[in-house]
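Note that the coordinates shown come from a computational prediction; the quantities given were computed from them, not determined experimentally. Basis for what follows: all heavy atoms, side chains included, without hydrogens, waters or symmetry-related copies. Order of listing sets the numbers, starting from 1, for every ligand and every atom in it.
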Amino acid sequence: MMMMMMHGARRGLSVVARHMRQQQQGGTRSLPVRLHPQTAQLAQQQGRWNRLSPWTVAVMQQSGLQERSVGKFVAFGIIYTLGVLGGLLVYQTINAKDVTDQERRETWETIANSYDKDIHDSERSTGVLKQRQQLLQQHAAGHVLEVAAGTARNLPFYPPAVSQLTLCDQSQAMIDEARAIVQDFDTQHPHHTIAYHTVETGAASSDNVHDAGSREQPEANIAVDFLTGGTEALPFPANTFDTVVDTFGLCSFDDPVTALREMLRVCKPGGKVLLLEHGTSHWLPPVSLYLSWRARCHAARWGCWWDRDIRAIVDDATRQYEQGGCDASTDANASAAPSPQPRVRVEKAASFHLGTGYAYVLHKQR
Ligand SMILES: C[S@@+](CC[C@H](N)C(=O)[O-])C[C@H]1O[C@@H](n2cnc3c(N)ncnc32)[C@H](O)[C@@H]1O
């Protein structure tokens with residue numbers, strides 16, 4: 001088979017070479033090769049001598065293909081490709097196994113130490129790093145709580161207006177990674193305008209500022225403390241933080257509506273909840289179909305549901321919060337009858353990546 005293909009290719013090439021020689025010598029532009037009789041007859045009937053390139057003729061001759069067969073060949077290719085894709089779709093749909101919340105939690109523990117490396121390049125090339133920067137530089141200030149903080153990927157983007165940072169995540173492995181990254185940040189980013197130092201949870205921001213060494217004088221040296229725990233029941237009183245940040249957490253929480261209500265609860269009146277998320281697309285139905293189809297595979301690999309309806313989650317959580325539904329909180333008032341809470345104004349709601357990326361700024365009114 002291989003020999004036949006090589007022989008055919010050699011003959012085709014020599015035909016073309018002869019044709020080019022003829023052209024250089026001012027030869028005719030008519031067909032340079034002896035065609036398969038059926039091909040020649042067809043081409044003659046249709047008066048297409050000059051429209052067939054020598055390459056096409058060579059390939060047609062070697063394969064015994066007639067011009068009208070090309071259409072059939074292309075049609076076969078399309079049907080074949082659709083068949084393969086359809087088969088894959090059915091296979092995936094039948095075989096994708098369910099992923100439990102417990103399995104997703106275990107995924108975070110497993111991927112914590114490779115998470116940064118695995119996603120950094122794709123975040124840079126798809127503009128996600130820019131999105132992080134824009135959101136945090138413009139809106140983060142004061143004492144910031146970052147939930148589902150993962151490996152502290154937002155550290156490079158906090159502005160000097162931030163005075164203290166509390167990083168919280170359900171996964172102990174993620175918190176361990178985050179702590180190591182914070183401790184190493186100044187060494188890795190000696191020219192960055194912000195320095196970070198770690199403090200015990202709940203300590204004042206001036207405690208334990210480490211020696212900046214040979215590092216350039218930073219504009220701010222932000223104290224960072226850590227907490228391992230779920231966002232759905234934050235162990236803070238209401239109205240504690242100036243800013244609450246969640247990047248790519250709503251796709252990961254077991255109960256995203258309760259988690260967002262909690263973020264609103266612990267945010268001070270006048271403060272902001274900043275969200276950068278991914279989820280289903282309201283722009284392009286085929287994209288959301290694809291996300292839903294691949295959702296279980298994605299959840300098994302990355303621990304998150306990338307087809308959640310982020311817009312609906314934000315709407316439900318803000319409405320429930322305003323109506324006073326804060327039953328999941330550890331706030332002392334939680335067991336009392338629901339009382340209306342401050343209103344939440346959506347200061348910014350942007351989407352990107354064909355509608356699968358979301359950036360929100362929620363402003364808790366005074
Ligand atoms: C997609 S990662 C996002 C990490 C980080 N925020 C970022 O922007 O790269 C999701 C994170 O949510 C954490 N997580 C999942 N469920 C959680 C929960 N109920 N409460 C707090 N963190 C949770 C996971 O451990 C993981 O670190």
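Each of W108, Y115, R132, A148, A149, G150, R153, D169, Q170, S171, M174, G229, G230, T231, E232, T247, F248, S252, F253 has a non-hydrogen atom positioned under 4.0 Å from some atom of ligand 1.
With respect to K272 and D242, no salt bridge is recorded, no charged nitrogen being found less than 4.0 Å from a carboxylate O. Salt-bridge formation is detected for the pair R132/E123: a Lys NZ or Arg NE/NH1/NH2 atom is positioned less than 4.0 Å from an Asp or Glu carboxylate oxygen. No salt bridge links D307 with R294; every basic N to acidic carboxylate O contact stays at or beyond 4.0 Å.
Side-chain rings of H278 and F248 approach one another, their centers coming within less than 6.0 Å. Ring to ring, W306 and H298 are close: their centroids are under 6.0 angstrom apart.
Shown are L145, T243, V144; of these, the side-chain contact (heavy atoms from CB on, under 4.5 Å) with L165 is made only by V144.
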